[in-house]
Amino acid sequence: MNTSVDGYRIIENARLDARNSFGVAARAPMLVEVTRAEALPELFAHAMPRGARPLILGGGSNILFAADPEGIVLALATQSIRRIGEIGEDTLVRAEAGAAWHDFVLWTLGHCLSGLENLALIPGTVGAAPIQNIGAYGVEVREHIHAVEAFDRSTGAFTRLAPDACAFAYRDSLFKQEPDRFVVTAVEFSLARAFTPRLHYAGLKEELAAMGITDAPRAPQVAEAVMRIRRRKLPDPAVLGNAGSFFKNPIVPASTAQALSLDHPDLPTYPSGDPTTSKLSAAWLIDRSGWKGRREGDAGIAPSHALVLVNHGTATGAQLLEVAHRVAADVEARFGIALQPEPRIVGARW
Ligand code: FAD
Ligand code: EPU
């Protein structure tokens, strides 16, 4: 049964198969689709059971349903994007949570605003971008976030968080640490009117060169280069269900990285931002554990990238999780490194 109220609509016994990029079968007893963020206080105060802690769902591209969610699922369908001001050389843009991330990136480029071009083609919504501080090709979204607007369930009021209050870190934030406390309703971005390319990530300059661009690329060309690399490496969820990287790149004490590098000189290590630690390549660890392209029934690891857990057809979330556990166990046995999942796991503990 579907019910529409001003500002939201309720779908009972909602299928989530098309709402998660693994494409696993899942169902929610109730899905509430919010069409006006202003409806949230009334929705939480009166329309939901007291103390309800709904699971907030964006595009479902970083979530694994190992079981059906038990309670209400809340999704934001708000999508407007507008300029809200200027600070020095930057323009401030506000995008509502339900807007598709990649469409938003294209909108910024279409308006000659730069900063997000290296984050082109990441699936999902604007509202989810701050949750794990999305990052790719040498840029993290936190660098361009001016403020995060959210409804705070703990106070029942709207709030506006400056970046310093968001505890952003590699694939982490306050919002990921306290899941479902904040319903992100919009994100304000600070974007440059003058373009400074960020091309230090391995392969980016080479991709531009392959496009015939060796000097002073424009922001849309950098976005195009990023898209070309991504299409080559990462399976399209519409064809092969996946959630991008299933594991985070592990951050370990620098001494651990040095010891591993002695045994494995080709192990890629990256600066973590803290001189006492290093970031290792989870893809390399998984690849060298023999899992790349391996398949157990319909669950497996992508042939094109060792960090991508894939659903070849009708794998359940529990089967995908089982394979992920086996991959992590093999990496730990071989290298002594404990991998941690990147996506949110619903209905099971890691
Ligand atoms: P969901 O999967 O729906 O939710 C993810 C988390 O955010 C959940 O905890 C959810 O509860 C919470 N959430 C969602 N919306 C809100 C909201 N409005 N308020 C509060 N909480 C919310 N990620 C990267 O960082 N870099 C990449 O390069 C990258 N590449 C990817 C490539 C592929 C092919 C795929 C499938 C995924 C990739 N990802 C990448 C992961 C994913 O796209 C991002 O994490 C994205 O931000 C998830 O957005 P979503 O709307 O789908 O969120
Ligand atoms: N590698 C292998 N085998 C593989 C793939 C990669 O050994 O099958 C090694 C190679 O040495 C390669 C290195 O891993 O040079 C790094 O690979 P890649 O450039 O693809 O980056 P990644 O560390 O695997 C991270 C992010 C991606 C992001 C890319 C580009 C994490 C967990 N993943 O992947 O984000 O798009 O860098 O910046 O940090 C995501 O979070 O879902 C995601 C896709």
Side-chain angles (χ1 to χ4, degrees), residues 8-9 11 14-23 31-37 55-64 73-84 91-137 139-142 144-150 171 173 175-176 182-191 219-220 222-224 226-231 234-245 342-344:
Y8 60 93
R9 62 177 164 266
I11 305 155
R15 286 187 71 152
L16 304 177
D17 310 22
R19 286 179 180 263
N20 75 93
S21 62
F22 273 117
L31 172 71
V32 181
E33 248 184 0
V34 177
T35 49
R36 251 181 0 102
L55 166 77
I56 307 161
L57 184 63
S61 65
N62 214 26
I63 209 156
L64 176 61
V73 171
L74 188 87
L76 284 117
T78 53
Q79 297 196 346
S80 85
I81 301 171
R82 63 186 164 88
R83 291 174 197 248
I84 53 171
T91 294
L92 301 181
V93 175
R94 178 183 186 274
E96 287 186 312
W101 175 259
H102 179 63
D103 292 349
F104 171 60
V105 172
L106 294 182
W107 185 98
T108 64
L109 295 172
H111 287 75
C112 297
L113 297 171
S114 61
L116 303 180
E117 54 284 342
N118 295 43
L119 304 178
L121 214 59
I122 297 180
T125 56
V126 166
I131 308 303
Q132 72 157 4
N133 174 29
I134 55 170
Y137 297 92
V139 172
E140 286 185 341
V141 74
R142 67 167 158 185
H144 298 284
I145 288 183
H146 179 67
V148 176
E149 298 177 23
R171 297 294 189 271
S173 73
F175 314 108
K176 199 163 176 179
F182 295 97
V183 182
V184 173
T185 52
V187 184
E188 300 169 20
F189 297 88
S190 179
L191 300 168
V222 173
E224 181 59 30
V226 166
M227 289 191 267
R228 283 167 54 127
I229 300 173
R230 294 182 67 97
R231 287 196 182 104
L234 297 170
D236 176 356
V239 179
L240 190 59
N242 75 89
S245 302
E342 182 194 281
R344 178 166 186 178

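The analysis underlying the following values was restricted to heavy atoms, covering all of them including side chains, and did not include hydrogens, waters or symmetry mates.
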Exercise for the section: Go through the steps for Arg344 and Leu55 under the test side-chain contact (heavy atoms from CB on, under 4.5 Å), then give the verdict. Expected result: CA-CA 11 Å; Arg344 178 166 186 178; Leu55 166 77; 3.2 Å; yes
Practice task
Apply side-chain contact (heavy atoms from CB on, under 4.5 Å) to Arg230 and Met227, showing your working.
Solution key: CA-CA 5 Å; Arg230 294 182 67 97; Met227 289 191 267; 5.6 Å; no
Fill in the blank from the handout: Here the pair of heavy atoms bringing Ser114 nearest to Ala219 is CB-CB, 4.0 Å
Handout entry: Parallel, tilted or perpendicular: rings of Phe189 and Phe104 (30°, 60°)
Key = tilted
Problem - Pairwise ring-ring contact (aromatic ring centres under 6.0 Å, His included) hits with a residue in residues 108-133, at least two apart - result: Trp107-His111
Practice task
Kindly compute the distance separating CZ (Arg36) from OG1 (Thr185), expressed to the nearest 0.5 Å.
Solution key: 13.0 Å
Exercise for the section: Without swapping roles, check the side chain of Glu224 against the backbone of Val222 for a donor-acceptor pair under 3.5 Å. Expected result: no
Practice task
Taking all non-hydrogen atoms of both residues into account, name the closest pair between Val184 and Ala97 and its distance.
Solution key: O-CB, 3.2 Å
Problem - Leu64 side, atom CG; Asn20 side, atom CG - distance, nearest 0.5 Å - result: 8.0 Å
Practice task
Grab the two heavy atoms, one from Ser245 and one from Pro343, that are nearest each other, plus how far apart they are.
Solution key: O-CD, 4.1 Å
Exercise for the section: Would you mind reporting whether Val226 and Leu121 have side-chain heavy atoms less than 4.5 Å apart? Expected result: no
Practice task
Identify the two heavy atoms, one from Pro130 and one from Ile145, that lie closest to each other, and give their separation to 0.1 Å.
Solution key: CB-CD1, 4.0 Å
Fill in the blank from the handout: Here the pair of heavy atoms bringing Gln79 nearest to Gly98 is NE2-O, 3.6 Å
Practice task
Measure across Ile131 and Ser173 and return the closest heavy-atom pair with its distance rounded to 0.1 Å.
Solution key: O-OG, 2.6 Å
Practice task
Walk me through it: do Asn62 and Ile134 pass the test side-chain contact (heavy atoms from CB on, under 4.5 Å)?
Solution key: CA-CA 11 Å; Asn62 214 26; Ile134 55 170; over 6 Å; no
Exercise for the section: For side-chain contact (heavy atoms from CB on, under 4.5 Å), just list the numbers for Val148 and Phe182, CA-CA rounded to whole Å, side-chain angles, deciding distance to a tenth of an Å, and then say yes or no. Expected result: CA-CA 10 Å; Val148 176; Phe182 295 97; over 6 Å; no
Practice task
Scan for side chain to side chain donor-acceptor pair (under 3.5 Å) pairs involving residues 92-104, sequence neighbours excluded, and state none if there are none.
Solution key: Ser80-Glu96, Arg94-Glu149
Fill in the blank from the handout: Output for pair (Glu33 CD, Thr78 OG1), nearest 0.5 Å, gives 10.5 Å
Exercise for the section: Check for a donor-acceptor pair, side chain of Ser21 on one end and backbone N or O of Asn242 on the other, with a separation under 3.5 Å. Expected result: yes
Exercise for the section: Measure the CG-CD distance between Asn133 and Glu140 for me, rounded to the nearest 0.5 Å. Expected result: 4.0 Å
Exercise for the section: Would you mind reporting whether Leu16 and Leu57 have side-chain heavy atoms less than 4.5 Å apart? Expected result: yes
Problem - Heavy-atom side-chain proximity of Val93 to Leu113 below 4.5 angstrom - result: yes
Exercise for the section: Please check if atom CZ in Arg15 has more than 12 non-hydrogen atoms from other residues, nucleotides or ligands closer than 6.0 Å. Expected result: no
